Q: 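To start, I am sharing the structure in question, which I have written as structure tokens.
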Amino acid sequence: MAKFWGKFGFVETAETVRGVWTDVETERDYTGDLLRNSARWEAEDKTNGDIVVNNHISVVMDDWISDPEHLNALRWVKFGNSHTKWAVTSVTMDWPRITINLGGEYKR
């Protein structure tokens, strides 16, 4: 089993100025196991299609990610030093671990 290290991105809506709500992004470092590592090309009507990963990452929950507010705000994952953010498609809780499934590139 391969090891994972990278950043998880949490996006929450917060009132920055009275009456103005914006998305606030928080990055946190995590390590764990890469359970599945696969990718495919989606070339619907494009010459060069988009790559879509179908990765599964398992990490041990900490106090931050086990909080339902934060868990519901988990939006993307970055591998290692990569700049590409991969969208979170689903999350499965198997205490004390959490498995995160990834899809296409995260686009805000």
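Reckoned from all heavy atoms, side chains included, excluding hydrogens, waters and symmetry mates. These figures come from a predicted structure and were not determined experimentally.
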Q: Could you walk me through whether Leu35 and Ile57 pass the side-chain contact (heavy atoms from CB on, under 4.5 Å) check?
A: CA-CA 6 Å; Leu35 304 177; Ile57 298 169; over 6 Å; no

Q: Under a 4.5 Å cut-off applied to non-hydrogen side-chain atoms, are Asn55 and Phe79 in contact?
A: yes

Q: Between Tyr106 and Phe10, is there a shared hydrophobic cluster once you connect ILVMFWY residues whose side-chain heavy atoms come closer than 4.5 Å?
A: no

Q: Output all residues satisfying side-chain contact (heavy atoms from CB on, under 4.5 Å) with Ser90, sequence neighbours left out; order by chain, then residue number.
A: Asn101

Q: Could you note down all residue pairs passing side-chain hydrogen bond (donor to acceptor under 3.5 Å, both in side chains) where residues 61-75 supplies at least one of them, sequence neighbours left out?
A: Tyr30-Asp62

Q: Which pairs, with at least one residue in residues 8-19 and sequence neighbours excluded, count as a salt bridge (charged side-chain N to carboxylate O under 4.0 Å, His left out)?
A: none

Q: With sequence neighbours left out, what residues match Asp29 under salt bridge (charged side-chain N to carboxylate O under 4.0 Å, His left out)?
A: Lys7

Q: Using 0.5 Å steps for rounding, measure from the CG atom of Leu74 to the OG1 atom of Thr26.
A: 11.5 Å

Q: What pairs meet the salt bridge (charged side-chain N to carboxylate O under 4.0 Å, His left out) rule with one or both residues in residues 79-89, with sequence neighbours excluded?
A: Glu25-Lys85

Q: Share the residues that join Val60 in a hydrophobic cluster, the rule being Ile, Leu, Val, Met, Phe, Trp or Tyr side chains under 4.5 Å apart at the heavy-atom level.
A: none

Q: Hydrophobic cluster membership, with links at side-chain heavy-atom distances under 4.5 Å among I/L/V/M/F/W/Y: are Ile65 and Trp76 in one?
A: no

Q: Would you check, one step at a time, whether the test side-chain contact (heavy atoms from CB on, under 4.5 Å) holds for Lys3 with Thr31?
A: CA-CA 7 Å; Lys3 296 298 180 186; Thr31 59; over 6 Å; no

Q: For Trp5, check ring-ring contact (aromatic ring centres under 6.0 Å, His included) against everything at least two apart and list the hits.
A: none

Q: Listed by chain and number, what are the side chain to side chain donor-acceptor pair (under 3.5 Å) partners of Thr22, not counting sequence neighbours?
A: none

Q: Does any part of the side chain of Glu27, heavy atoms only, come nearer than 4.5 Å to the side chain of Phe8, both counted from C-beta?
A: no

Q: Any heavy-atom pair between the side chains of Val11 and Val24 that's under 4.5 Å?
A: no

Q: Mind checking ring-ring contact (aromatic ring centres under 6.0 Å, His included) for His56 and listing every partner two or more places apart, or none if nothing turns up?
A: none

Q: Could you pull out all residues at least two apart from Asn81 that satisfy side chain to side chain donor-acceptor pair (under 3.5 Å)?
A: none

Q: Could you list the cluster mates of Val20? Members are the ILVMFWY residues connected by side-chain heavy atoms closer than 4.5 Å, either directly or through other members.
A: Val17

Q: What's the shortest heavy-atom distance between Thr84 and Lys78, and which atoms?
A: O-CG, 3.4 Å

Q: Under 4.5 Å between any side-chain heavy atoms of Val88 and Val77, yes or no?
A: yes

Q: Considering residues at least two apart in sequence or located in another chain, which fulfil the side chain to side chain donor-acceptor pair (under 3.5 Å) criterion with Arg97?
A: Asp33, Ser58

